[in-house]
S.K.: 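First the structure, then my questions, so here it is.
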Amino acid sequence: MIELVHAFILGLVEGITEFLPISSTGHLILASDLLGANDERGKVFDVAIQTGAILAVVWEYRARFFRVDPRLWRNLVVAFIPAAVLGLAFGSLIKRYLFKPVPVALAFIVGGVIILLVDRGARRVRVERSDAMSSLDALKVGIAQCFALIPGTSRSGATIIGGMLFGLSRPAATEFSFFLAVPTLLAAGAYDLWKNRALFAVEDLPMFGVGLVTAFISAFVVIRWLIRYVATHDFQPFAWYRIGFGVLVLLTAHYGWINWTA
């Protein structure tokens, strides 16, 4: 029963944070650490339940995904490749050394500062809509996504802020970030689950079911809200949240208020 409760909590954390520029992986690492589910099995579960959030994107944008749109699919392939290559090359090392609370907290703070600097600066918008992006635009966003391999950086934050730096409007960058999450996270989840399949058994299916459904529902709500939010707001509140939360985690680690895993 306790595993189902943990799966619900982690699914909620995943769904709420996946598409906001605050790092779902970072929040999952911290939440898993607090719940005592931060072993190798827990890390694989965290990656696998991202599929629930991805299905929320597919459902919300089903009209775009299930029609013949060569430009969209070409751009997704181009943007997916850089992070896929680097993830395969360095994924194990990243998990071993960076999937820990203190490195995550530092990435929270650095990412928050970057969002503040970029979102406050003057930018020339070249691309108003995601369906007007070129392959070069997609490649640039894909390279920006590589920074999200560092847990705590935020995949959505890296792709949205990167896209804005490269001339995309805030809505266009946000929408393409949603789309790019589909191949990126589906591939990461499937690869990680298959590679570590020996850690799980049929009895774990209810745990995965709870995590996936919870992630789907909460992510769907967040996607609907974020689409409306970016039309009239900037990302500075998320930047300050990242900085404040990162500082809080560092303080709890330094003073021993919470016994984070080293």
Side-chain angles (χ1 to χ4, degrees), residues 6-7 9-35 37-54 56-57 80 82-84 86-88 90-112 114-115 142 144-162 177-178 180-193 195-196 208 211-212 214-216 218-219 222 226 238-239 241-243 245-246 249-250 260-261:
H6 287 177
I9 294 171
L10 294 173
L12 197 60
V13 170
E14 161 61 24
I16 291 172
T17 60
E18 180 58 56
F19 300 106
L20 300 177
I22 57 176
S23 178
S24 62
T25 301
H27 280 81
L28 284 171
I29 290 170
L30 297 173
S32 297
D33 204 76
L34 287 172
L35 294 172
N38 57 346
D39 56 3
E40 194 61 34
R41 189 168 176 269
K43 292 175 184 176
V44 176
F45 177 80
D46 290 350
V47 174
I49 61 171
Q50 292 174 332
T51 304
I54 295 315
V57 173
F80 167 74
L86 290 181
L88 286 172
F90 301 107
S92 297
L93 287 174
I94 290 170
K95 266 190 177 183
R96 188 178 309 149
Y97 296 108
L98 298 181
F99 269 54
K100 298 175 182 179
V102 171
V104 166
L106 292 172
F108 269 127
I109 295 169
V110 172
I114 292 173
I115 291 174
Q145 182 174 238
C146 293
F147 288 98
L149 292 170
I150 302 170
T153 299
S154 171
R155 190 207 60 81
S156 58
T159 51
I160 293 171
I161 298 302
S177 176
F178 289 162
L180 184 54
V182 176
T184 301
L185 299 185
L186 281 179
Y191 175 74
D192 225 29
L193 195 58
K195 188 174 68 171
N196 297 281
F208 279 97
L212 289 168
T214 306
F216 174 88
S218 52
V222 169
L226 190 59
F238 299 113
Y241 167 80
R242 290 177 62 104
I243 293 169
F245 191 57
V249 172
L250 291 179
W260 299 109
T261 302

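Any value given below was found using the heavy atoms of this structure, including those in side chains, with hydrogens, waters and symmetry copies removed.
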S.K.: Donor-acceptor pairs under 3.5 Å, side chain of residues 183-192 to any protein atom, not counting sequence neighbours: which ones?
M.R.:
| residue | atom | partner | partner atom | Å |
| --- | --- | --- | --- | --- |
| T184 | OG1 | Q145 | OE1 | 3.3 |
| T184 | OG1 | Q145 | NE2 | 3.3 |
| T184 | OG1 | L180 | O | 2.9 |
| D192 | OD1 | K95 | NZ | 3.2 |
| D192 | OD2 | K95 | NZ | 2.5 |

S.K.: When you measure from the side chain of S32 to the backbone of I29, do you find a donor-acceptor pair of N or O atoms at a distance under 3.5 Å?
M.R.: no

S.K.: Mind listing the closest non-hydrogen atom pair of I54 and A181 along with its distance?
M.R.: CD1-O, 3.4 Å

S.K.: What is the minimum heavy-atom distance between A144 and A158, and which atoms define it?
M.R.: O-CB, 3.4 Å

S.K.: Any donor-acceptor pair under 3.5 Å linking the side chain of H27 with the backbone of E14?
M.R.: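 No; judged by distance alone, with no hydrogens or angles, the pair does not exist.
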
S.K.: Nearest 0.5 Å please: distance from the CZ atom of F19 over to the CZ atom of R155.
M.R.: 6.5 Å

S.K.: Do S23 and T25 have side-chain atoms, one donor and one acceptor, less than 3.5 Å apart?
M.R.: no

S.K.: Measure across A31 and L10 and return the closest heavy-atom pair with its distance rounded to 0.1 Å.
M.R.: CB-CD2, 3.8 Å

S.K.: How far does CD1 of I161 sit from CD1 of I114, to the nearest 0.5 angstrom?
M.R.: 9.5 Å

S.K.: Between the side chains of T17 and S24, is a donor N or O closer than 3.5 angstrom to an acceptor N or O?
M.R.: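 On atom types as modelled, these side chains do not qualify, holding no pair under 3.5 Å.
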
S.K.: Enter the distance from T153:OG1 to F108:CZ here, rounded to the nearest 0.5 Å.
M.R.: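 Taking OG1 in T153 and CZ in F108, the distance rounds to 9.5 Å.
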
S.K.: Between R242 and A107, is there a donor-acceptor pair closer than 3.5 Å when you use the side chain of the first and the backbone of the second?
M.R.: yes

S.K.: Treating S156 as the side-chain partner and L20 as the backbone partner, does any N or O pair qualify as donor plus acceptor under 3.5 Å?
M.R.: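 Indeed, once roles are kept as given, a pair shorter than 3.5 Å links the two residues.
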
S.K.: Are there over 12 heavy-atom neighbours, none belonging to F216, within less than 6.0 Å of that residue's CZ?
M.R.: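 It does: F216 CZ has more than 12 such atoms within range.
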
S.K.: Distance from L193 atom CG to I49 atom CD1, nearest 0.5 Å?
M.R.: 12.0 Å

S.K.: For residues P101 and L30, report the shortest heavy-atom separation together with the two atoms involved.
M.R.: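 For P101 and L30, the tightest heavy-atom pair comes out as CB-CD2, 3.6 Å.
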
S.K.: Give, for atom CG of L149 and atom CD1 of I94, the distance between the pair rounded to the nearest 0.5 Å.
M.R.: 4.5 Å

S.K.: If you take all heavy atoms of C146 and A83, which pair is closest and at what distance?
M.R.: SG-N, 3.6 Å

